[in-house]
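Here the structure is laid out as structure tokens; the discussion comes afterwards.
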Protein chains: 2
Amino acid sequence: MRTVYERADVVQMIAEIFRELGYEGASLSRITERTGLGKGSLYHFFPGGKEEMASAILASVAAWFENFVYEPLRHDDSEQAIAAMWKSVDDYFCSGKRICLVGAFALDDTRDRFASAIRSYFTQWIDALRDALVRSGRDRDCAMLDAEEAVLGIQGALVLARALNDKSVFSRALDRLAYRLANATPNGLTR
Amino acid sequence: MRTVYERADVVQMIAEIFRELGYEGASLSRITERTGLGKGSLYHFFPGGKEEMASAILASVAAWFENFVYEPLRHDDSEQAIAAMWKSVDDYFCSGKRICLVGAFALDDTRDRFASAIRSYFTQWIDALRDALVRSGRDRDCAMLDAEEAVLGIQGALVLARALNDKSVFSRALDRLAYRLANATPNGLTR
DNA sequence: GTCTATACAGTGATAGAC
DNA sequence: GTCTATCACTGTATAGAC
């Protein structure tokens, strides 16, 4: 009896390991240990080694956000799409228990290795949210700033929730960000 | 001709290396390379190795914030202390070029190694800022939430600024956070 | 206090049997 | 597709000369 995986399954498993340990901390031995897959299997799926693993994870994260966050924000009813975004974000980050892999990669020199994937994760998010805000009648420049602030607030909430080991920090922050974004004037919440 | 350092100097040098590379990424060889100090010197200053280096850095960070941020917030004129905080933060993080070591440590399993130092960095900051807000006439519960939001916003701004490689994200965020904190009603900026 | 030499476990990666 | 064996290299850490 032995288990045989699809590449997509492996990507999901190793994503969680990279999230918890970071790029440098996620060593092959810990990956084999937690996935049950030998190095042979790992290199079968990812001939490029760790770098290809991380690229695959980033691509899968990008695909998830594209489907469940960016795309609705760009085309669906703006109020509904924004409300759905807060729900998706809360689910995705397990109400503050999970951190953002892309944000974590951005902080050390891992950023330089995956610069374009990291940049596009955030720019796409901000731009999609800005579009939704503009469709809801918000001034374009203010919408951009408010979108930036919302995305940045999520990242900060993840950092602080994990630092204090207190999920409630994340929930509170999400509630405030959502409320403020929904109740801003056409000129934004900037002041 | 040879250079002889004080431990405090070494702490400052390696702090920058840990900030840029993270705990796992900051290998002894890169530390020797960038400080010019051999492993012998390093272990002379830090017999406990990497873990003691990181502890010393965290202690030095804590001391800096205690002197230049927390202490003024607790006892000085609240408006002045808060204004000074934004200036200190902007200087300390080099207007978004530098990241927060404590926030970075919080994201991966490095957090578990330095849990109490990481927690106290953030709780002290939030509590000191809350005290200043209370002294300026703010309701206590709202002051706590607003302080939490400000600190979290700084962390998020650092993440996003580095992810986009754009310092202006940090400056903009700091301006908005400062403005909103200063112009909130006694019941806070929560809504 | 600094250096060099060294130990040895752990790293990412490859080859080849099954 | 999975495993084991093995590679060269880098990791942290120690000992001892100067």
Side-chain angles (χ1 to χ4, degrees), chain A residues 1-60 101 104-105 108-114 117, chain B residues 1-58 60 101 104-105 108-114:
Chain A
M1 141 99 195
R2 67 180 194 174
T3 317
V4 176
Y5 292 107
E6 299 273 332
R7 195 183 123 116
D9 301 326
V10 180
V11 169
Q12 292 315 307
M13 288 193 288
I14 63 175
E16 219 49 48
I17 302 173
F18 276 81
R19 240 185 289 269
E20 288 175 28
L21 306 176
Y23 186 79
E24 295 290 345
S27 67
L28 292 195
S29 65
R30 298 180 91 165
I31 294 174
T32 53
E33 177 189 307
R34 290 182 47 171
T35 57
L37 283 154
K39 297 184 188 186
S41 306
L42 258 13
Y43 276 91
H44 166 72
F45 288 120
F46 311 100
K50 257 181 90 161
E51 184 144 357
E52 189 174 339
M53 294 181 204
S55 288
I57 295 167
L58 288 171
S60 122
L101 182 86
F105 276 12
D108 59 35
D109 70 338
T110 309
R111 179 197 62 171
D112 304 323
R113 238 189 249 255
F114 306 105
Chain B
M1 141 98 198
R2 69 179 191 172
T3 317
V4 176
Y5 291 107
E6 300 273 330
R7 196 182 121 115
D9 301 327
V10 180
V11 170
Q12 293 314 308
M13 287 193 290
I14 62 175
E16 220 48 49
I17 302 173
F18 276 81
R19 240 185 288 270
E20 288 175 28
L21 306 176
Y23 186 79
E24 295 290 345
S27 67
L28 292 195
S29 64
R30 298 178 92 163
I31 295 174
T32 54
E33 177 188 307
R34 290 182 45 170
T35 58
L37 282 154
K39 298 183 187 184
S41 306
L42 257 13
Y43 276 91
H44 166 73
F45 287 121
F46 312 100
K50 255 181 91 163
E51 183 144 358
E52 189 174 339
M53 294 181 204
S55 288
I57 295 167
L58 287 171
S60 123
L101 182 86
F105 277 12
D108 59 35
D109 70 338
T110 308
R111 180 197 62 170
D112 303 324
R113 237 187 246 256
F114 306 104

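Each chain gets a letter, A, B and so on, in the order the sequences are listed, and its residues count up from 1. These numbers were taken from a predicted model, which means no experiment stands behind them.
Rounded to whole angstrom, the span from the CZ atom of R113(B) across to the P atom of dT12(D) amounts to 11 Å. Rounding to whole angstrom units, CD of residue E24(B) and P of dG12(C) are separated by 10 Å. In this structure, L28(A) atom CG and dC7(D) atom C1' are separated by 14 Å, rounded to whole Å. Computed from coordinates, the E51(A) CD to dT11(C) P distance equals 18 Å when rounded to whole Å. Atoms CZ (F46(A)) and P (dG1(D)) sit 13 Å apart, rounded to a whole Å. dT10(D) atom C1' lies 14 Å from atom CD1 of I31(B), rounded to whole Å. Between the P atom of dG11(D) and the CZ atom of R30(B) lies a distance of 8 Å, rounded to the nearest Å. Distance CG (L42(B)) to C1' (dT14(D)): 14 Å, rounded to an integer number of Å.
Salt bridge status for R19(A) with E16(A): present, with a side-chain N to carboxylate O gap under 4.0 Å. Note on E20(B) versus R30(B): no salt bridge recorded, every NZ/NE/NH1/NH2 to OD/OE distance being 4.0 Å or above.
Using a 4.5 Å heavy-atom cutoff, the side chains of F45(B) and M53(B) are not in contact. A heavy-atom distance below 4.5 Å is not found between the side chains of T35(B) and Y5(B). At least one side-chain heavy atom of L101(B) sits less than 4.5 Å from a side-chain heavy atom of L58(B).
Counting non-hydrogen atoms under 4.0 angstrom, G36(B) reaches the backbone sugars and phosphates but no base. Note on G49(B): only backbone sugar-phosphate atoms sit closer than 4.0 angstrom, heavy atoms only; bases stay farther off. Heavy atoms of K50(B) sit under 4.0 angstrom from primed sugar atoms or phosphate atoms, though from no base atom.
The side chain of Y5(A) sits closest to dT2(D) out of dG12(C), dT2(D), dT2(C). In the set dG12(C), dT2(D), dT14(D), the nucleotide with an atom closest to the side chain of K39(A) is dG12(C). Ranking dC3(D), dG1(C), dG12(C) by closeness to the Y43(A) side chain, first place goes to dG12(C). Candidate nucleotides dT2(D), dT2(C), dG12(C) were compared by shortest atom distance to the side chain of V4(A), and dT2(D) ranks first.
Between S41(B) and dC3(C) there is a side-chain N or O to OP1 or OP2 distance below 4.0 Å. Between S29(B) and dT12(D) there is no side-chain polar atom (N or O) within less than 4.0 angstrom of OP1 or OP2. At least one side-chain nitrogen or oxygen of S27(B) sits closer than 4.0 Å to the OP1 or OP2 atom of dG11(D). Contact annotation: H44(A) side-chain N/O to dG1(D) OP1/OP2 distance is under 4.0 Å.
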